[in-house]
Trainee: 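Take this structure first; my questions come after.
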Number of protein chains: 2
Amino acid sequence: MHGEADDNERETRSGRNMIEIIRTMRAELRKSDRKVADVVLKDPQRILNATVGETATLAEVSQPTVLRFAMAIGCRGFQDFKIRLAQSLAFGTPATHSVLLDTDDPETVAEKIFEYTMTSLDWARSHLDRAALRKAIDILAQARTIEFFGFGASGIVARDAQQKFPLFGVPCGAQLDSHQQIMIASMMKQGDVAFVISNTGTTRSIIEIARVARANGAAVICLTGSDSPLASYSDVALIVETLENTNMYTPTISRIAALVVIDILSTSVAMRRPLEDQARIHNMKRQLSDIRKVQPI
Amino acid sequence: MHGEADDNERETRSGRNMIEIIRTMRAELRKSDRKVADVVLKDPQRILNATVGETATLAEVSQPTVLRFAMAIGCRGFQDFKIRLAQSLAFGTPATHSVLLDTDDPETVAEKIFEYTMTSLDWARSHLDRAALRKAIDILAQARTIEFFGFGASGIVARDAQQKFPLFGVPCGAQLDSHQQIMIASMMKQGDVAFVISNTGTTRSIIEIARVARANGAAVICLTGSDSPLASYSDVALIVETLENTNMYTPTISRIAALVVIDILSTSVAMRRPLEDQARIHNMKRQLSDIRKVQPI
DNA sequence: GGTTTTATGTAATTTTACTACAAAACGGAG
DNA sequence: CTCCGTTTTGTAGTAAAATTACATAAAACC
């Protein structure tokens, strides 16, 4: 039988996103199995509440074919397939289906953007390099000072990071102006960390920042959207892949994924701190919340 | 039988997050049903690949009891229950299980924060007031100028919004300084929109901004985390509920949910624009990406 | 064109989910 | 405390679904 030998391998695979798996495997499926794949891709939600028999009717094939299809894509059976499919569909319709249309009303736009954001985050999670993350945390935890660099949307991320990290006793700066950036970068020295944020990773001035900071002995961590030129000038490259496409309506998800990575870094660094420091942070937070309620900052 | 009359009502409910539903309904369940609820809550992943019989054995009850349990929590049957449970579990372990521990390694921290962020976004989505959203879009689409106000983490959101909206031909400002805020707010007039961002919604100075702007005839939209005092000074209150808890390690999710709402608003406003404007935005984006690759901004 | 291999459907079998009914537990009223 | 009504839970049976075995049809290879 077809694909029998591969089953074991497939069962140990990450097991994520059936839709994606079906779509990539569609070409190498049997003719009849492809019919089943098509009805699943066409309306996955429908299949969730369907039996083998119903699915067979929809695909115009026999019941065992539906079973064989489930096996072929690496499931233990039809039930197992439905469970996995359900999990893949939890974010609602998969990203490719949620392209914004001019005719969408606000409710639909909201649903689609939420879904798109969550799907993208899920994607970013599964593609994040854990080794790089660990290395970045090591460097940040030992930093004397940290400078965050970024333009535009990445500037927002830099500023956010700069608001977070000082809480853990490390002096931080965020440079968003081109000239300031070069100045600060050229003043950095061993023990300092330059945290360079750029979604494209191709902006020339930002690459220059990384080069200068590194030449002066500072450690360079970059947070970027793909394996870009910037990465080669960095000690650690945190690559946050997202599903960003060119559709003009598609909002920029990259900054959100970047913010989550900043959360992870700051939290992990905080956890390395001695307990007394953590208590101090706790106090600061409480004071801040007291201030908020009584008097403006 | 118990709960029979409610079934119809429950079937029409949002249908999201079984875990949450089970936990809240646990108290009002039958004694035996509670046993089933407990084994489900203890290891939901286990139940996904279990049959009615296995579940019954695990819970030390009879098979029909498992069925009745599924009915009691509003499912059509055991299959339906498993499908729904699978969808709830797609984010991995539910938020309440993903409390950060001092002993967690970076990989675990990353997983938990991603999960927590996604779960919270999902929560925010399901609790967002669609009517308020629609009203906010109406107001923003007709605005002559928009001013965004925010402190601290909310300041980040304000700045992000200010970077997005000008793309659609509406002049925008972001005020992050207390004195500037009051100045700008008192200069606003009819046709202007004050977009006030505050997670707590209790900071006094930010409430003052809303009051002043409104007194001058400006429309006031607020983006806040709960039905706070700020909401009562606003024409539209966009309440973005999140699962934020007091654990010191828990990162601030509110700003991420707020950013998504900003995305939704800016996208929806853009879609109201005439097509010629949209083409203009497209051009601007292309120019920007050209600049990025060749020369620093 | 015949033979081997692969793909698909038919029919039987097993498993699973669900239902009807009866026994047990519970709760009040006399 | 005992009787009766209600609710809860289990036993046994039934219907339906998933899975398997086998046979036939199609394709590929010589």
Side-chain angles (χ1 to χ4, degrees), chain A residues 1-8 10-11 18 22 25-40 44 46-86, chain B residues 1-8 10-11 18 22 25-40 44 46-86:
Chain A
M1 194 180 284
H2 176 273
E4 197 101 75
D6 304 334
D7 280 359
N8 279 334
R10 291 221 180 84
E11 272 173 32
M18 279 323 283
I22 296 172
M25 291 190 65
R26 186 181 176 283
E28 52 180 293
L29 285 175
R30 301 182 201 92
K31 200 160 18 133
S32 301
D33 286 4
R34 211 171 302 154
K35 284 188 196 172
V36 182
D38 290 341
V39 299
V40 174
R46 171 75 186 82
I47 304 300
L48 287 188
N49 298 69
T51 66
V52 176
E54 289 172 304
T55 311
T57 309
L58 284 170
E60 294 174 316
V61 294
S62 69
Q63 298 197 9
T65 300
V66 175
L67 267 291
R68 280 188 285 257
F69 161 78
M71 299 295 197
I73 59 171
C75 299
R76 259 189 282 273
F78 188 70
Q79 294 281 17
D80 185 45
F81 163 69
K82 283 214 298 184
I83 296 293
R84 288 173 192 233
L85 185 66
Chain B
M1 193 178 282
H2 176 272
E4 197 101 77
D6 305 333
D7 280 0
N8 280 336
R10 286 215 185 89
E11 273 173 32
M18 280 324 282
I22 296 172
M25 290 189 66
R26 186 181 176 283
E28 52 180 294
L29 286 175
R30 294 186 275 271
K31 193 153 29 114
S32 301
D33 286 4
R34 211 172 301 153
K35 284 188 198 171
V36 183
D38 289 342
V39 299
V40 174
R46 171 76 186 80
I47 304 300
L48 287 188
N49 300 67
T51 66
V52 176
E54 290 173 303
T55 311
T57 310
L58 284 170
E60 294 176 316
V61 295
S62 69
Q63 298 197 10
T65 301
V66 175
L67 268 290
R68 278 187 287 255
F69 161 77
M71 299 295 197
I73 58 172
C75 298
R76 258 188 285 271
F78 188 70
Q79 295 279 18
D80 185 46
F81 164 69
K82 282 214 298 184
I83 296 291
R84 289 174 191 233
L85 184 66

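These figures come from a predicted structure and were not determined experimentally. The sequence lines fix the lettering, A, B, ..., with proteins before strands; numbering per chain opens at 1.
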Trainee: Using a cut-off of less than 4.0 Å, is there contact between a side-chain N or O of A:Thr65 and OP1 or OP2 of C:dG9?
Mentor: yes

Trainee: Run the side chain to side chain contact (heavy atoms under 4.5 Å, CB included) test against B:Glu54 and tell me which residues pass, sequence neighbours left out.
Mentor: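 For B:Glu54, the residues satisfying side chain to side chain contact (heavy atoms under 4.5 Å, CB included) (neighbours in sequence not counted) are B:Arg46, B:Ala50, B:Thr51.
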
Trainee: Without decimals, in angstroms, what is the distance between A:Lys35 NZ and C:dA7 P?
Mentor: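 Distance check: A:Lys35 NZ to C:dA7 P gives 15 Å.
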
Trainee: Please report the distance, rounded to the nearest Å, between CD1 in B:Ile83 and P in C:dA17.
Mentor: 12 Å

Trainee: Measure from the side chain of A:Arg30, starting at C-beta and using heavy atoms only, and say which of D:dG10, C:dA7, C:dA17 lies closest.
Mentor: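 Among D:dG10, C:dA7, C:dA17, the one nearest the side chain of A:Arg30 is C:dA7.
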
Trainee: Suppose we screen for side chain to side chain donor-acceptor pair (under 3.5 Å). Which residues come up paired with B:Asn49, at least two apart in sequence or across chains?
Mentor: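 Per chain and number, B:Asn49 pairs via side chain to side chain donor-acceptor pair (under 3.5 Å) with no residue.
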
Trainee: Run the side chain to side chain donor-acceptor pair (under 3.5 Å) test against A:Ser32 and tell me which residues pass, sequence neighbours left out.
Mentor: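 Partners of A:Ser32 under the side chain to side chain donor-acceptor pair (under 3.5 Å) test: none.
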
Trainee: Would you give the length of the straight line joining atom CZ of A:Arg84 to atom CG of B:Leu48, rounded to the nearest 0.5 angstrom?
Mentor: 11.0 Å

Trainee: Determine to 10° how strongly the helix from C:dG1-D:dC30 to C:dG30-D:dC1 is bent, judged from the axes of its five-pair ends.
Mentor: 20°

Trainee: Would you say D:dT9 has OP1 or OP2 under 4.0 Å from some side-chain N or O of B:Ser32?
Mentor: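 So the side-chain polar atoms of B:Ser32 do come within 4.0 Å of the phosphate oxygens OP1 or OP2 of D:dT9, strictly under.
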
Trainee: Would you please name every residue forming a side chain to side chain contact (heavy atoms under 4.5 Å, CB included) with B:Ile47, sequence neighbours left out?
Mentor: B:Val39, B:Val40, B:Thr55, B:Leu58, B:Phe81, B:Leu85

Trainee: Nearest 0.5 angstrom please: A:Met18 CE to A:Lys82 NZ, how far?
Mentor: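 Between A:Met18 CE and A:Lys82 NZ, I get 13.5 Å after rounding to 0.5 Å.
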
Trainee: Which letter, B, S or -, goes with each nucleotide of nucleotides 18-26 of chain C from 5' to 3', with contact meaning a protein heavy atom under 4.0 Å?
Mentor: SB-------

Trainee: Could you state the CD-P distance from A:Glu28 to C:dA7, rounded to the nearest angstrom?
Mentor: 12 Å

Trainee: From the options A:Ile73, A:Asp33, A:Asp38, select the one residue that forms a side chain to side chain contact (heavy atoms under 4.5 Å, CB included) with A:Arg26.
Mentor: A:Asp38

Trainee: Rounded to the nearest 0.5 Å, how far does CZ of B:Arg34 lie from CZ of B:Arg30?
Mentor: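 Answer for the CZ-CZ pair, B:Arg30 versus B:Arg34, is 11.0 Å.
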
